[in-house]
Peer 1: 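Can you read through this structure? Questions will come right after.
Just so you know, these numbers use all the heavy atoms, side chains as well, and skip hydrogens, waters and symmetry mates.
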Amino acid sequence: MPPRTPFGNLAKKMWSALLERAGTVNTETDVSPDSQRIDLTFEPDVTRLESLRSFGLVGRIFQEEHALLEFFHDPPSSRDVLLCMGKLIERQKRFESSRLWILSAGRPTTALAKLGFTALPDWPSGTYTLEEDFRTRIIVVNELPVDRGTLFFRAVGAGAVLRAALSEATALPPDAPERSMIVRAVLEVWGEPHEDHKEFDMATQGFVERWERELLEKGHKAGREEGREEGREQAMRDVLARQLRARFGGLDTAVEARIRDAGVDELTRWTDRVITAAALDEIFAEP
């Protein structure tokens with residue numbers, strides 16, 4: 001199986017956090033007989049589905065049926081869509097009412113035409129369906145209307161669509177659930193080693209730097225209000241660890257321990273070196 005891109009990891013983290021409010025979520029679910037995997041499966045809890053209603057289009061697509069989500073940063077080909085439908089058929093052996101949702105950052109023009117998808121009546125632009133018996137729908141992210149109700153979809157988009165979604169999330173009140181889930185997911189992906197992907201870094205870096213400054217300021221404020229610096233120091237540790245993982249990959253226990261035991265002055269010095277250091281050892285060199 002090819003390595004997941006940061007875009008795929010981001011999509012799974014955001015949507016898992018959202019759908020866990022209303023049911024059971026699994027990622028990379030195996031389907032027989034050939035070890036194919038589904039990006040995300042959702043088993044709804046009917047007593048909690050109401051919690052999704054405030055999220056616009058999300059609340060409309062997830063009903064009292066099992067759902068499969070497949071995320072495509074590059075538009076899927078006809079074969080890609082058919083493979084996803086094969087996974088749906090396997091899933092229906094356990095959950096007959098399952099429905100497949102394919103989220104594509106761009107328009108899969110050939111697949112839509114060759115497989116016979118049509119615009120879904122009375123739904124927002126960018127939503128397409130096959131005949132109901134196929135239980136398969138495609139959402140083209142860059143064709144959706146731009147409003148808060150489509151924010152989670154556009155946050156798995158590409159280029160300008162993704163940047164606009166992150167900007168909108170940033171502008172939401174600090175306690176807005178969309179903001180916290182999207183920000184947390186992006187920061188977690190930045191803290192994970194992944195294949196070199198300049199497009200993702202270019203689209204998200206400015207937002208990551210802003211959010212990390214917010215974390216530092218929040219920690220500093222907590223330290224002042226409580227008469228101590230623990231809040232600020234922990235925020236600095238979290239930011240530094242994420243930056244180091246993004247630059248150099250996983251951290252061994254010795255490095256993690258050194259970060260955990262450091263004070264404000266050391267954390268500040270090491271954070272300042274992240275951008276210019278060519279190797280991890282240079283971060284911790286004596287001044």
Peer 1: Indicate, with yes or no, if L82 and V140 share a hydrophobic cluster defined by side-chain heavy-atom contacts under 4.5 Å among Ile, Leu, Val, Met, Phe, Trp and Tyr.
Peer 2: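 In one cluster: yes.
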
Peer 1: Which value, rounded to the nearest 0.5 Å, describes the distance between F71 atom CZ and T27 atom OG1?
Peer 2: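 Rounded to the nearest 0.5 Å, the CZ-OG1 separation comes out at 10.0 Å.
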
Peer 1: Students often mix this up, so state it plainly: with edges at 30° and 60°, are the rings of H73 and F7 parallel, tilted or perpendicular?
Peer 2: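 Parallel: the ring planes of H73 and F7 meet at under 30°.
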
Peer 1: Parallel, tilted or perpendicular, judged at 30° and 60°: which one describes the rings of F95 and H66?
Peer 2: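 The arrangement is parallel - the two ring planes meet at less than 30°.
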
Peer 1: Hey, is the main chain of R163 close enough, under 3.5 Å, to the side chain of S167 for a donor-acceptor pair?
Peer 2: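 It does not hold such a pair.
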
Peer 1: Return the CG to OG1 distance between L115 and T136, rounded to the nearest 0.5 Å.
Peer 2: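 Taking CG in L115 and OG1 in T136, the distance rounds to 9.5 Å.
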
Peer 1: For the residue pair C84 and I102, what are the closest heavy atoms and their distance?
Peer 2: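 It is CB-CD1, 4.1 Å.
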
Peer 1: Under a 4.0 Å N-O cut-off, is there an ion pair linking E70 with R91?
Peer 2: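 No, no charged N to carboxylate O under 4.0 Å.
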
Peer 1: Within this structure, what is the CZ-CD distance for the pair R60 and Q63, rounded to the nearest 0.5 Å?
Peer 2: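 The distance works out to 9.0 Å.
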
Peer 1: Minimum heavy-atom separation for L68 to T41, with atom names?
Peer 2: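 In terms of heavy atoms, the two residues are closest at CG-CG2, 4.5 Å.
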
Peer 1: Step through the shown structure and confirm whether more than 12 heavy atoms of other residues, nucleotides or ligands are within 6.0 Å of CD on E131.
Peer 2: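 Counting other residues, nucleotides and ligands, CD of E131 stays at 12 neighbours or fewer.
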
Peer 1: Charged N to carboxylate O below 4.0 Å: is that the case for E168 and R148?
Peer 2: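 No, this pair does not count.
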
Peer 1: Once you round to the nearest 0.5 Å, how far does CG of L69 lie from CD1 of I38?
Peer 2: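 It comes to 10.0 Å.
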
Peer 1: Show the nearest heavy-atom pair for residues L166 and A203, with the distance to one decimal.
Peer 2: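 Smallest heavy-atom distance, with atoms named: CD1-O, 4.1 Å.
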
Peer 1: What distance do M181 atom CE and L19 atom CG have between them, rounded to the nearest 0.5 Å?
Peer 2: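 Here the rounded value is 9.0 Å.
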
Peer 1: Is it the case that R137 places NZ or CZ above or below the six-membered ring of W123, under 6.0 angstrom from the centre and within 45 degrees of the axis?
Peer 2: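 Yes, cation above the ring, under 6.0 Å and within 45°.
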
Peer 1: For the pair E282 (side chain) and A278 (backbone), establish whether a donor and an acceptor sit closer than 3.5 Å, ignoring hydrogens and angles.
Peer 2: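 A pair under 3.5 Å: yes.
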
Peer 1: Check this for me: does any side-chain nitrogen of one of E90 and K87 sit under 4.0 Å from a carboxylate oxygen of the other?
Peer 2: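 No, E90 and K87 are not salt-bridged.
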
Peer 1: Would you call R135-E65 a salt bridge at under 4.0 Å N-O?
Peer 2: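 A salt bridge is present here (some side-chain N lies under 4.0 Å from a carboxylate O).
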
Peer 1: Quick check: closest heavy atoms across A155 and L162, and the distance to 0.1 Å?
Peer 2: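 That would be O-CD1, 3.3 Å.
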
Peer 1: Go through R94 and E43 one step at a time and tell me if the salt bridge (Lys or Arg N to Asp or Glu O under 4.0 Å) criterion holds.
Peer 2: CA-CA 12 Å; R94 289 185 58 200; E43 301 174 26; 5.2 Å; no

Peer 1: Over all heavy atoms of both residues, which pair between I138 and P108 is shortest? Give the atoms and the distance, please.
Peer 2: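 Heavy atoms only, the tightest pair is CG2-CG, 4.3 Å.
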
Peer 1: Are R48 and E20 ion-paired here, with the side-chain N under 4.0 Å from a carboxylate O?
Peer 2: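 Judged by the 4.0 Å cut-off on N to carboxylate O distance, R48 and E20 do not form a salt bridge.
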
Peer 1: Within this structure, what is the CD1-CG distance for the pair I182 and L172, rounded to the nearest 0.5 Å?
Peer 2: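 I182 CD1 to L172 CG: 7.5 Å, rounded to 0.5 Å.
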
Peer 1: For L144, is there any backbone N or O sitting under 3.5 Å from a side-chain donor or acceptor partner on S125?
Peer 2: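 No, the answer is negative, given that no donor and acceptor are paired below the 3.5 Å cut-off.
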
Peer 1: Identify the heavy atoms of A22 and S51 that sit nearest to each other, and give their distance.
Peer 2: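 Heavy-atom minimum between the residues: CB-OG, 3.7 Å.
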
Peer 1: Would you find a donor on one side and an acceptor on the other, under 3.5 Å apart, between the side chain of R154 and the backbone of A105?
Peer 2: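 Checking the backbone N and O of A105 against the side chain of R154, no donor-acceptor pair under 3.5 Å is found.
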
Peer 1: Pairing donors with acceptors under 3.5 angstrom, does anything connect the side chains of W211 and T170?
Peer 2: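 Yes, a side-chain donor-acceptor pair sits under 3.5 Å.
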
Peer 1: When you measure from the side chain of S104 to the backbone of R107, do you find a donor-acceptor pair of N or O atoms at a distance under 3.5 Å?
Peer 2: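 No.
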
Peer 1: Answer yes or no: are there more than 12 heavy-atom neighbours, outside F284 itself, under 6.0 Å from its atom CZ?
Peer 2: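 It does: F284 CZ has more than 12 such atoms within range.
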
Peer 1: For T150 and D147, indicate whether the former's side chain and the latter's backbone hold a donor-acceptor pair under 3.5 Å.
Peer 2: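 Judged by distance alone, yes, a pair lies under 3.5 Å.
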
Peer 1: Applying the side chain to side chain contact (heavy atoms under 4.5 Å, CB included) test to F72, which of L103, D39, D80 qualifies?
Peer 2: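 Only one option passes, and that is D80.
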
